[in-house]
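One structure below.
Counting begins at 1 with the first residue of the sequence. Note that these values count all heavy atoms, side chains included, but never hydrogens, waters or copies made by symmetry.
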Amino acid sequence: MPARDPEIEALLDEARITRLLGRYASMTDWLDFSGAAEIFTEDAQFDFGEMFRGDREGFIPFVTALESGYARRIHMFGLPRIDVDGDSARAECPSFIHARTAGDPEHTDATFVGRYIFDAVRTDAGWKLSRLAFYLNVLTVTNPPAGEEGPVNLADGWNLEHPDAPKG
């Protein structure tokens, strides 16, 4: 087999890591944590400050309970900076998260602007995330008036039963 171009390999590594970041955001929005083992190493560490620090086993119930408290949620990432160093990498990702509290007649919306830091490692199964830390820059809480949505599709209650949920 011919030698592969190192620059192309580096771009492929960055693309594979970027895909993991997107899968994390999607899994959180859809409350589908069944694929966490495909995204995170078994010994992955998570740091959300005093809210939660721990391992993957503790993270899944924490994030499930947290995100289930929202009727709507969307995690958007800006362009990540990914630095690959052999079989390890660091990704820094600006983020915008918006969530509406479930069952709240006042329609409490929270907007979180922050930054995720991810560490990744190359495993026998490909790249996986080994660490996730979130740093908050801005939190804004508002109570928009009821009925502000208009005649558009609402993202309320997204989960795996939704007809547009990701399949696989």
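- Using cut-offs of 30° and 60° for the angle between ring planes, the Phe59 and Phe48 rings count as parallel.
- Atom CD of Glu42 sits in a sparse spot, with 12 or fewer heavy atoms from other residues, nucleotides or ligands closer than 6.0 Å.
- Across all non-hydrogen atoms, the minimal contact from Pro94 to Leu79 is CD-O, 3.6 Å.
- Connection of Tyr135 to Ile97 is not established within any shared hydrophobic cluster, with ILVMFWY side chains joined at heavy-atom distances below 4.5 Å, either directly or through further cluster members.
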Would Thr108 and Asn143 count as a side chain to side chain donor-acceptor pair (under 3.5 Å) here? Give the steps. CA-CA 5 Å; Thr108 302; Asn143 296 98; 3.0 Å; yes
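- Around atom CZ of Arg53, more than 12 heavy atoms belonging to other residues, nucleotides or ligands sit under 6.0 Å away.
- Here the closest heavy-atom approach between residue Ser130 and residue Val121 is recorded as OG-CG1, 4.0 Å.
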Just do the ring pair (Phe, Tyr, Trp, His ring centres under 6.0 Å) check on Tyr116 and Tyr24 with the steps written out, would you? CA-CA 11 Å; Tyr116 280 90; Tyr24 166 73; 5.7 Å; yes
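- The aromatic rings of Phe62 and Phe52 lie parallel to each other, with less than 30° between the two planes, well short of the 60° mark.
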Can Phe46 and Phe134 be said to form a ring pair (Phe, Tyr, Trp, His ring centres under 6.0 Å), step by step? CA-CA 8 Å; Phe46 300 82; Phe134 177 74; over 10 Å; no
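- Counting only distance, with no hydrogens or angles, the side chain of Thr64 and the backbone of Ile60 share a donor-acceptor pair below 3.5 Å.
- For the pair Pro80 and Cys93, the tightest heavy-atom approach, listed with the atom from each and the gap, is CB-SG, 3.6 Å.
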In sequence, state the C-alpha distance, the side-chain angles, and the governing distance for Phe96 and His98, and then conclude on side-chain contact (heavy atoms from CB on, under 4.5 Å). CA-CA 7 Å; Phe96 176 92; His98 185 266; 4.1 Å; yes
Determine, step by step, whether Trp127 and Asp13 satisfy the side chain to side chain donor-acceptor pair (under 3.5 Å) criterion, reporting the C-alpha distance in whole Å, the side-chain angles of both residues, the deciding distance to 0.1 Å, and the verdict. CA-CA 8 Å; Trp127 284 97; Asp13 287 339; 3.0 Å; yes
Output, in order, the C-alpha distance, side-chain angles, deciding distance and verdict of side-chain contact (heavy atoms from CB on, under 4.5 Å) for Leu136 and Arg115. CA-CA 7 Å; Leu136 181 67; Arg115 186 167 306 274; over 6 Å; no
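- By the 6.0 Å contact criterion, CG on Asn137 is enclosed, its count of non-hydrogen atoms from other residues, nucleotides or ligands being greater than 12.
- The shortest heavy-atom contact between Ala44 and Leu129 is CB-O, 3.8 Å.
- The minimum heavy-atom distance linking Ile82 with Glu14 is given by the pair CD1-O, 3.6 Å.
- Within the 4.5 Å cutoff, no side-chain heavy atoms of Asp109 are placed close to those of Arg72.
- Salt-bridge formation is not detected for the pair Arg73/Asp29: no Lys NZ or Arg NE/NH1/NH2 atom is positioned less than 4.0 Å from an Asp or Glu carboxylate oxygen.
- The two residues Ala37 and Arg56 come nearest to each other via the heavy atoms CA-NH1, 3.3 Å.
- The pair Asp119-Arg90 meets the salt-bridge criterion, since a charged nitrogen lies less than 4.0 angstrom from a carboxylate oxygen.
- Using a 4.0 Å cut-off between charged side-chain N and carboxylate O, Glu38 and Arg23 make a salt bridge.
- We find the CD-CG distance between Glu92 and Leu21 to be 11.5 Å, quoted to the nearest 0.5 Å.
- Using a 4.5 Å heavy-atom threshold, the side chains of Val63 and Phe33 count as touching.
- For the pair Arg4 and Glu9, the salt-bridge criterion is met [side-chain N within less than 4.0 Å of a carboxylate O].
- In the hydrophobic clustering (ILVMFWY side chains linked at under 4.5 Å, chained through shared members), Ile8 is joined by Leu12.
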Working note: Met27 + Ile39, criterion side-chain contact (heavy atoms from CB on, under 4.5 Å); need CA distance, chi angles, decisive distance, verdict. CA-CA 10 Å; Met27 123 179 141; Ile39 297 171; 3.7 Å; yes
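- In this structure a side-chain-to-backbone donor-acceptor pair under 3.5 Å is present from Ser88 to Asp85.
- Contact of the Met76 side chain with the Ile74 side chain is registered, since non-hydrogen atoms from C-beta on lie closer than 4.5 Å.
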One pair to check against side-chain contact (heavy atoms from CB on, under 4.5 Å): Ser95 and Val113. What are the steps and the verdict? CA-CA 6 Å; Ser95 67; Val113 179; over 6 Å; no
